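Presented below is the structure to which this report refers.
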Amino acid sequence: MSVRVRMAPSPTGTMHVGTARAALFNWLFARHHGGAFILRIDDTDRERSTSEFEKEILGSLRWLGLDWDEGVGVGGPHGSYRQSDRLHRYREIASELVESGAAYYDDRPSDQLESLRQLAQKEGRHPGHYIRRPDISADSGVIRLAIPQEAPVVVDDIVRGSVSFEAPDIDDFVILRSNGTPTYHLASTVDDVDYDITHVARGEDLLPSTPKHILLTRAMGYVEPLYAHLPLLFGTDGRKLSKRHGATSLSEFRDDGFLPDAVFNYLAILGWSLDAETTVFSREQAIEAFELTDVSKSPAVFDPEKLTWMNGEYVRAMGSEEFTRLVRPDVERSVGRPLSHDEWERFEEIAPLVQERTKLLPEAGDQVTFLFNDIDEYDEKSWSKVMARKGVPAVLDEGLTRMSALEVWDAPSIEATLREMPESLGIGAGKAFQPLRVAVTGSSISPPLFESISALGRERTLDRIGRARQKLG
RNA sequence: GGUCCCGUCGUCCAGAGGCCCAGGACGCCGGCCUUUCAAGCCGGAAACGCCAGUUCGAAUCUGGUCGGGACUGCCA
């Protein structure tokens, strides 16, 4: 049978990077084997599921470039791929299991069950030792699966190897709530069977639930899929990745100026590697090399710094036209207004130089506002460090004179005349150029000087140098 | 508490008995380049948690120990 894998997010929140990483591995596995990647929505928790979250999740998946072959949004032979549309199916299975004796109704009140759990806790045993079919049978309440006590359940995990669970350590878990809705265990297991899922690759947090899913599948009369439990993602403090660690949802990364290719690449190296040497690689390379058997067993710390570095790699690798197109919104946001055609050409002139200096897209905007907005105030540190020195007025005067005399206003011409300044003034290059930089860009940190001056234009440049000169008195 | 998982540089990976006095990447430190900032290039510090055992030989196998984590819901 050909490979069929799925990704089954719950629309109870935004797309988390951990979920995205699991989706990515499933996608790579499907693409590598020429199989199908299916998107199912696990929305059995009606209280917390919303269509807004569902939309957000679909959008994030598309943004990352994980296209699915069947599922919500694209359809397929199995209906809506939304669990809330299949409640009748889960109820049907649940009653079949009750009829066959594999499951039973339980109407015990929650406080009674709670005391059983406390008893187990007190005796140092798994709750499974007490959460069992009561002597008195019921015909209402929740439905629990009766765990066969004969043999242990062995999970043959693709990444972890053989993991064994003793039957008494598995409780008779609820498959159908008293309100008739299925629990995650039931819905997920039924869907995996109905959708012919061959491999279930999911977070390691679900490993303890896997024996339950295996037993449920078998009780339904089917053979369970192959499982692969992926290592979890941690924050830099070694704890489970959460909001405390900054951005955790995919859309936040998108908004922060990360590129989907970079996020894809970074997520792929968390728990997997292309080979011993390569860190930056394409989707095609990843698809070619990916195998679930190569996935690491140990949890990975999500490192925003490395992601940022990788984003810079991708920013620099893209074509200059693409970069220009991509950063337009960021530039206009920094400038505070839409740019005219002429202004945009000014930006395009130095865009390649900005591109080299950009890791996150919004940074590009900050680098070029000087091209479009007047300098209301100079960067304080830059001014005190560069402009407060002796000889600066002379430098500005000399620069002004030289540039005023230029017939052609382009970077080579500007450079040619300014290059003569240090010698004619008898000062070092830094002392000659830094004051001009501050005068023209407002800061001692900027894109390369000659190109910046060229892009700014003659009138604005001369005006700004004049203003800085005036400020110096 | 119980069940289960994990344990190589600070971090992400490579390593499936000798190729490893452990390799690549981020970060860090130093240098080169340079008008600033980046980028680039060169170099450096930095790890097999610990203890036993198996073996001629162990990061790789086994046991123990310590540490971390997940789960322990009519949440997924």
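From a predicted model like this one, the values you see are computed outputs, not experimental measurements. A, B, ... follow the sequence lines: proteins, then strands. Residue 1 opens every chain.
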In this structure, how many angstroms lie between the [atom2] atom of [N] and the [atom1] atom of [X], rounded?
X	N	atom1	atom2	value
A/Ile147	B/rU72	CD1	P	15 Å
A/Asp171	B/rC4	CG	P	15 Å
A/Tyr105	B/rC74	OH	P	17 Å
A/Phe25	B/rC13	CZ	P	8 Å
A/Gln112	B/rC74	CD	C1'	15 Å
A/Asn179	B/rG73	CG	P	19 Å
A/His213	B/rC71	NE2	P	14 Å
A/Lys212	B/rC4	NZ	P	14 Å

Does the separation of the ring centres of [X] and [Y] fall below 6.0 angstrom?
X	Y	answer
A/Tyr81	A/Tyr195	yes
A/Tyr184	A/His213	yes
A/Phe290	A/Trp272	yes
A/Phe372	A/Phe347	no

A/Glu54 vs A/Arg82 side-chain heavy atoms within contact, under 4.5 Å: yes
Less than 4.5 Å apart, side chain to side chain, heavy atoms only: is that true for A/Asp397 and A/Arg469?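 Result yes, sub-4.5 Å side-chain heavy-atom pair found.
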Could you tell me how far [M] sits from [N] if I compare only their [atom1] atoms? Round to whole Å.
N	M	atom1	result
B/rA76	B/rC9	C1'	36 Å
B/rU62	B/rC26	C1'	36 Å
B/rG68	B/rU11	P	14 Å
B/rC4	B/rG64	P	13 Å
B/rA58	B/rG43	C1'	32 Å
B/rG17	B/rC61	P	8 Å
B/rG10	B/rC48	P	8 Å
B/rU8	B/rG23	C1'	11 Å

So [X], base contact, sugar-phosphate only, or nothing? Heavy-atom distance under 4.0 Å.
X	value
A/Val142	base
A/Arg144	sugar-phosphate
A/Ser10	sugar-phosphate
A/Ser209	base
A/Pro231	nothing
A/Ser164	sugar-phosphate
A/His229	nothing
A/Tyr266	nothing

Relative to the 5' end of RNA chain B, which residue comes earlier, A/Thr44 or A/Ala300, by the nucleotide with the nearest heavy atom? A/Ala300
RNA chain B: 5'-proximal contact among A/Arg316 and A/Gly271 (nearest heavy atom): A/Gly271
Nearest atoms (heavy-atom pairs only) where A/Gly399 meets A/Leu418: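 Looks like CA-CD2, 4.4 Å.
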Closest listed nucleotide, where the reference is the side chain of [X] and the choices are [options]:
X	options	result
A/Val301	B/rA76, B/rC12, B/rU3	B/rC12
A/Gln434	B/rU36, B/rC5, B/rC13	B/rU36
A/Ser298	B/rG7, B/rA76, B/rU36	B/rG7
A/Leu270	B/rC12, B/rU3, B/rA76	B/rC12

Would A/Ser188 and A/Asp191 count as a side chain to side chain donor-acceptor pair (under 3.5 Å) if you check the C-alpha gap in whole Å, the side-chain angles of each, and the deciding distance to 0.1 Å? CA-CA 5 Å; A/Ser188 176; A/Asp191 285 354; over 6 Å; no
Salt bridge present between [X] and [Y] (N-O < 4.0 angstrom):
X	Y	value
A/Glu349	A/Arg346	no
A/Asp171	A/Lys212	yes
A/Arg402	A/Glu420	yes

Paired with [N] by Watson-Crick or G-U wobble geometry, both distances under 3.5 Å: which nucleotide is it?
N	result
B/rA70	B/rU3
B/rC50	B/rG64
B/rC41	B/rG31
B/rG10	B/rC26

Taking atom types as they are modelled, would you say the side chain of A/Ser178 forms a donor-acceptor pair with the base of B/rC74 within the 3.5 Å cutoff? yes
Donor-acceptor pair present, A/Arg357 side chain and B/rC37 base, under 3.5 Å: yes
Atom pairs, protein N/O to nucleotides 24-31 of chain B N/O, distance under 3.5 Å:
| unit_1 | atom_1 | unit_2 | atom_2 | d |
| --- | --- | --- | --- | --- |
| B/rG24 | O2' | A/Glu277 | O | 2.7 |
| B/rA25 | O4' | A/Thr279 | OG1 | 3.1 |
| B/rA25 | N3 | A/Lys306 | NZ | 2.8 |

Polar atom pairs between nucleotides 67-70 of chain B and protein, under 3.5 Å, N or O only, would you list them?
| unit_1 | atom_1 | unit_2 | atom_2 | d |
| --- | --- | --- | --- | --- |
| B/rG69 | OP1 | A/Arg239 | NH1 | 3.2 |

Please confirm whether the shortest side-chain N or O distance from A/Arg117 to OP1 or OP2 of B/rU72 is below 4.0 Å. no
A/Glu288, CD: over 12 other non-hydrogen atoms inside 6.0 angstrom: no
What pairs of donor and acceptor atoms, side-chain ones from residues 304-319 of chain A against any protein atom, are under 3.5 angstrom apart with sequence neighbours left out?
| unit_1 | atom_1 | unit_2 | atom_2 | d |
| --- | --- | --- | --- | --- |
| A/Thr308 | OG1 | A/Pro304 | O | 2.7 |
| A/Asn311 | OD1 | A/Leu259 | N | 2.7 |
| A/Asn311 | ND2 | A/Gly257 | O | 3.2 |
| A/Asn311 | ND2 | A/Lys359 | O | 2.6 |
| A/Glu313 | OE2 | A/Arg316 | NH1 | 3.4 |
| A/Tyr314 | OH | A/Asn265 | OD1 | 2.5 |
| A/Tyr314 | OH | A/Phe281 | O | 2.9 |

